[in-house]
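Sequence positions, counted from 1, serve as the residue numbers for this chain. First listed ligand is number 1; within each ligand, the first listed atom is number 1.
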Amino acid sequence: MEQFSLFDAPVQNGHKKEEARAAWLRRELERHNRLYHQLDAPEITDEAYDALYRELVELEEKFPGLRTLDCPTRRVGGSVLPYLETRPHRERMYGLDNVFSAEEWEAFVQKASRALPEAGSDVMSAWWADPKLDGLACELTYENGVMVQALTRGDGEVGEVVTEAMRTVRNLPLRLDGSGPFPRRIEIRGEVLMFRREFEELNRRQAELGQKSFANPRNAAAGSLRQLDTNVTAQRKLRFLAYSLGEVDAPGMQPWQSHAALMDSLKRWGFDTPPDGKLCRSAEEARAYYEHLEAVRDDLPFEIDGVVYKLDDREAQAALGFTARAPRFAVAWKFTSRKAETRLKKIAVQVGRTGVLTPVAELEPVSLGGVMVSRATLHNEDEIRRLDLRENDIVIIQRAGDVIPDVLGPVLEKRPEGLAPFEFPHVCPVCGSPARRLEGEAAWRCLNMACPAVIMRSIVHFVSKAGLDVDGVGAKWVEALIEAGRVKSPADLFTVTKEELMSYERMGEVSAGNFVAALDKARENATLTRFIAALGIRQVGEQTARTLAERYHDMDELESAGAEELMQLPDIGPEVAGSIRAFFETESNRELLERFRALGLWPHGGKTEEKGGALAGKKVLFTGTLSRPRDEYRRQAEAAGATVVSGVSKTLDYLVVGENPGSKLDKARNLGITVLDEQGFLELIHTGSRGE
Ligand code: IVH
């Protein structure tokens, strides 16, 4: 997997001088990197930094043997991965239980004390407290001081391998600071975050490019880290704050006695840690700390959603252990969500892809937890009626985590006189045709198939991530083409030329070329699954699209399937089957399909459908006595896209071992191949299929 040698691997031809120079450059660059990104105290100019950096790049190009896993030159990203590999955690990454009041927090402490009666009250009243960071948890593995792997938390058992992406995160050490000795192997856990400022900047850029904005910094951080193209991650300015450990293998080294001492070591090794972390020695201190953090919360550069308390004594931590869900020695005391008052200027009604009319509150802009808010979701007519919301009401809004808040209700004492109750429109606000509220549904719908809003949303959906996933075709441009009357159906998009695009304001030659090329590529590479999902057939999402694509060869075959036949397929009931039939029975849809066929967008599925499973393209070998028939496992592996092989070789991806595995295990270990037990294998398949 890693193409480069470890830091202490011999350099070819004994270029001792260059080797020493490269090592010095690496250390210097990392030191300046840290001064700049972590301490805000640069010692040299950007130009001087660039000169050192270029020197290292040139040295490494000349003598590839000099490259190491901890090279700052790896921080810029570079490779594009075909997919994110998953790997089990050696130690499960647990979540945390929550408490919501001082009483609940004290009850938690008492329960822990009862569970460990032999621990003195000193031990049980000393808790390390730090902010609960609202990002995504990640685990970094360091071998002899060098970072060799990064895994996301995933489901706690199995995470995604994000080693290269994490190397681009500037505030973490690629090699631990100091002269050691370092543990042979240590897993450092922490949170990957995007600062608010960077989040807002990113969303501004996304909007400019006509791409979807992120709901909150957490989603933005997750989306940026789980990129296949690590160049993108490198541009996203993520940070890592370290707060705990996974497995440690450090023969001969003293284990940490307290969490406070561990935090000291982490800092000395060059990690940033959650700010303001503090040892609290009594319930009063713990409560005061909570109040302090709640008060400074909005001044922090990133989002936090509570305080995490960890029993300081590490031996007592180990003695308390874990419940099925969470540690017994740590807990999160969550903040209540933030609320604000503002004026509801207008209740606007938007029309979605399926014609659903969605009310949206347009608000007098107000700052809520450091984010300016000017819109809120209102869900549907019943919700507006339940809250008795009226235009021009003063309302209370609440933001739980997302940028878009909820409206809790009007402040009746402040209601201006003469406000009329809100009348939900019974006609479509875009095309003016009658809207209907179907029986059993909360939503009003515009039933006009030709409604411009419905058409616009369907076309945007066609190329979106949920559809063909055409990278680089932003909603903004699709909308502009529709507004100009150039695109009336998703098929029209494929006929737009570069020259035409360039006649639009702010569309340059490069962007226009990319736009056309992206569509061409999507047309050639479309799978039947993506194509079906893109068509936006009611009730047919990605999962159903996959089921259909696995069963049918192409759209002709799907068209000829009757409802009864469709209902034989997994998870397809009468409603879904009816909706598929209705799609084909609509003349305009059949015409659209014919246009796609003529354009060469006609993917084939069935046996030829590429397997998008968790183990796509992977080689798996089973060995030892398994608890279930081997054939069953083989079928599962193949269904997840893997090939089952019979011998251990370098190209093997996973060895799954049962009881008494024998020599294959040794051989696989020697080759550094990932070894899984049955549970690990099942989880790998499970998470992969869920992760889609
Ligand atoms: S310590 C055994 N400290 O919150 C305790 N976790 O909702 C290990 N989290 O997945 C975790 N901020 O990853 C710890 N200051 C902090 C944290 C923190 C956020 C995460 C943690 C967990 C999640 C639980």
Query - Minimum-distance protein heavy atom relative to atom 12 (N) of ligand 1 - result: Leu133 N, 2.9 Å
Query raised in the report: Taking Lys334 as the fixed residue, which of Val307, Val99, Asp305 is the one that meets the side chain to side chain contact (heavy atoms under 4.5 Å, CB included) rule?
Result: Asp305
Report summary line: One finds that the ligand 1 atoms under 4.0 Å from a non-hydrogen atom of Ala137 are 13 (O)
Requested in this report: Below 4.0 angstrom from a heavy atom of Pro327, which ligand 1 atoms are there? Numbered from 1 as shown, please.
Outcome: 2 (C)
Requested in this report: Check the surroundings of atom CG in Asp299: do more than 12 heavy atoms from other residues, nucleotides or ligands lie under 6.0 Å from it?
Outcome: yes
Query raised in the report: For atom 4 (O) of ligand 1, what is the nearest protein heavy atom, given as residue, atom name and distance?
Result: Lys132 NZ, 3.4 Å
Query raised in the report: Is the NZ or CZ atom of Arg196 both under 6.0 Å from the centre of the six-membered ring of Phe302 and within 45° of that ring's axis?
Result: no
Query raised in the report: Heavy atom of Ala332 under 4.0 Å from ligand 1?
Result: no
Query raised in the report: Under 3.5 Å, N or O to N or O, is Ser244 touching ligand 1 that way?
Result: no
Query raised in the report: How about Ser337 and Gln398: does a side-chain donor come under 3.5 Å of a side-chain acceptor?
Result: yes
Requested in this report: Around atom 22 (C) of ligand 1, find the nearest protein heavy atom and jot down its residue, atom name and distance.
Outcome: Tyr94 O, 4.2 Å
Query raised in the report: Under the criterion side chain to side chain donor-acceptor pair (under 3.5 Å), which of Asp177, Asp272, Asn171 is the partner of Arg34?
Result: Asp177
Query raised in the report: For Ala221 and Val192, which heavy atoms make the closest approach, and how far apart are they?
Result: CB-O, 4.0 Å
Query raised in the report: Quick one: which ligand 1 atoms are inside 4.0 Å of a heavy atom on Arg153?
Result: 10 (O)
**Report entry** NZ or CZ of Arg197 within 45° of Phe195 ring axis and under 6.0 Å
**Finding:** no
Requested in this report: Note the single closest protein heavy atom to atom 24 (C) of ligand 1, along with its residue, its atom name and the distance in Å.
Outcome: Leu96 N, 3.5 Å
Query raised in the report: Counting from 1, what ligand 1 atoms have a heavy atom of Pro131 closer than 4.0 Å?
Result: 12 (N), 15 (N), 16 (C)
Query raised in the report: Looking at atom 3 (N) of ligand 1, what's its closest protein heavy atom, distance included?
Result: Lys310 NZ, 2.8 Å
**Report entry** Closest approach of any protein heavy atom to atom 13 (O) of ligand 1, naming residue and atom
**Finding:** Tyr243 OH, 2.5 Å
Report task. Among Glu191, Lys310, Lys132, Arg189, find the one that has a side chain to side chain donor-acceptor pair (under 3.5 Å) with Tyr243. Result -> Glu191
Requested in this report: May I ask you to check whether over 12 heavy atoms, not counting those of Arg31, lie within 6.0 Å of atom CZ?
Outcome: yes
Query raised in the report: Which one holds for Met93 and ligand 1: side chain close, backbone close, both close, or neither close, with close meaning a heavy atom under 4.0 Å?
Result: neither
